[in-house]
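Read the structure below first, then the notes.
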Amino acid sequence: MRFARSKRGLRLKTVDSCFQDLKESRLVEETFTIDEVSEVLNGLQAVVHSEVESELINTAHTNVLLLRQLFAQAEKWYLKLQTDISELENRELLEQVAEFEKAEFISSNKKPIIESIKPKLVPLNEGGTELLNKEISRLQEENEKLKSRLKTIEIQATNALDEKSKLERALQDLQLDQGNQKDFINAQDLSDLENTVAALKSEFQKTLNDKTENQKSLEENLATAKHDLLRVQEQLRMAEKELEKKFQQTAAYRNMKEILTKKNDQIKDLRKRLAKYEPED
């Protein structure tokens, strides 16, 4: 509204200057004929018509650019906007806007009427940044969960490998004991012992197979968890880049960058000036 008010004031000054120029350049005689008055009015009409038309066209184009910015932001955040053209001719709302303008620019002590009707909306840029921060927090939380899950799976896999190694050593010891005892027992005892060892070996093999399957399952879960972790880390990196990009688009960042640029230019200028006064070697 401040922008539109300033543009409107400039255009009104231009229209006033048209009339003033006409008075100073054409109204120099005391009497005019009908044709002369018609010529003067026609010229003034053409000038005023051109000024008003130019202002109306500029206002319409400015509104298009403003709406284009809002629609681009809405499209980026997948927002669905709805408009009601009939509201643009609502006399009650137009009067409330006029009252708001008067309260804002004419009487600073008067409370704006429009503020009591609808609450102010959060700017879209800040809302988008808030959504991005929430997404980053969610990805960080998921990242921590995946790291914890990955650590648990690695511990389980390590334990399974240790248990498999223990069972293999136990089988080797059992086979060694079997070979040593064959010289000290008779044929019947040897047969019983062989049957027992075969049963133990079969049971051990079954246990070993179960452990192998469990190990494969743990390794598959470990690989899946690592893939999920990499995916979340990539999403987190992209979200942080997007947040950094949003921050660089803020007015505070641009102002700070402009201030730093000016300071650097001042420092370079001071160095050049000091170099002029330094004695030559």
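Just so we're clear, the structure is a prediction, and the values are computed from it rather than from any experiment.
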Start with the C-alpha distance between Lys7 and Thr62, add both sets of side-chain angles, then the distance that settles side chain to side chain contact (heavy atoms under 4.5 Å, CB included), and finish with yes or no.
CA-CA 11 Å; Lys7 296 290 289 185; Thr62 302; over 6 Å; no
Can a donor-acceptor pair be found, under 3.5 Å and without considering hydrogens, that links the side chain of [X] to the backbone of [Y]?
| X | Y | answer |
| --- | --- | --- |
| Asn58 | Ser54 | no |
| Ser148 | Lys145 | no |
| Ser17 | Thr14 | yes |
| Thr207 | Glu203 | yes |
| Ser38 | Ile34 | yes |
| Asn159 | Ile155 | yes |
| Thr59 | Glu55 | yes |

Find the distance between [atom1] ([X]) and [atom2] ([Y]) and round it off to the nearest 0.5 Å.
| X | Y | atom1 | atom2 | answer |
| --- | --- | --- | --- | --- |
| Ile136 | Gln140 | CD1 | CD | 7.0 Å |
| Arg68 | Leu66 | CZ | CG | 12.0 Å |
| Arg169 | Ser165 | CZ | OG | 6.0 Å |
| Leu12 | Asp16 | CG | CG | 6.5 Å |
| Leu229 | Glu144 | CG | CD | 9.5 Å |
| Leu150 | Asn143 | CG | CG | 10.5 Å |

| query | In the hydrophobic clustering (ILVMFWY, side-chain contacts below 4.5 Å, transitive), which residues join Val40, or is it alone? | reply |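 Members other than Val40 - counting any ILVMFWY side chain reachable under 4.5 Å - are Val15, Phe19, Leu22, Leu44, Val48, Val52, Leu56.
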Check for me, please, whether Leu139 and Trp77 land in the same ILVMFWY cluster - side-chain distances under 4.5 Å, paths through other members count.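 Yes, Leu139 and Trp77 fall within the same hydrophobic cluster.
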Practice item. With sequence neighbours left out, write down each residue that passes salt bridge (charged side-chain N to carboxylate O under 4.0 Å, His left out) with Lys166, or none if nothing qualifies. Key: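 Partners of Lys166 under the salt bridge (charged side-chain N to carboxylate O under 4.0 Å, His left out) test: none.
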Around atom [atom1] of [X], are there more than 12 heavy atoms of other residues, nucleotides or ligands at under 6.0 Å?
| X | atom1 | result |
| --- | --- | --- |
| Glu87 | CD | yes |
| Lys76 | NZ | yes |
| Glu92 | CD | no |
| Glu168 | CD | yes |

| task | Report yes if some heavy atom in the side chain of Glu234 is under 4.5 Å from a heavy atom in the side chain of Met238; otherwise report no. | result |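 They are in contact (side-chain heavy atoms under 4.5 Å apart), so the answer is yes.
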Enumerate, atom names and distances included, each donor-acceptor pair closer than 3.5 Å involving a side-chain atom of residues 215-226, sequence neighbours excluded.
residue, atom, partner, partner atom, Å
Gln215, NE2, Glu219, OE2, 3.2
Asn221, ND2, Ser217, O, 3.3
Thr224, OG1, Glu220, O, 2.9

- request: Kindly determine whether Arg273 and Leu270 satisfy side chain to side chain contact (heavy atoms under 4.5 Å, CB included), including the steps that lead there.
  value: CA-CA 5 Å; Arg273 293 170 63 184; Leu270 288 175; 4.2 Å; yes
Is the shortest distance from a Lys or Arg side-chain nitrogen in Arg91 or Glu95 to a carboxylate oxygen in the other one below 4.0 Å?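 Salt bridge between Arg91 and Glu95, a charged N being under 4.0 Å from a carboxylate O: no.
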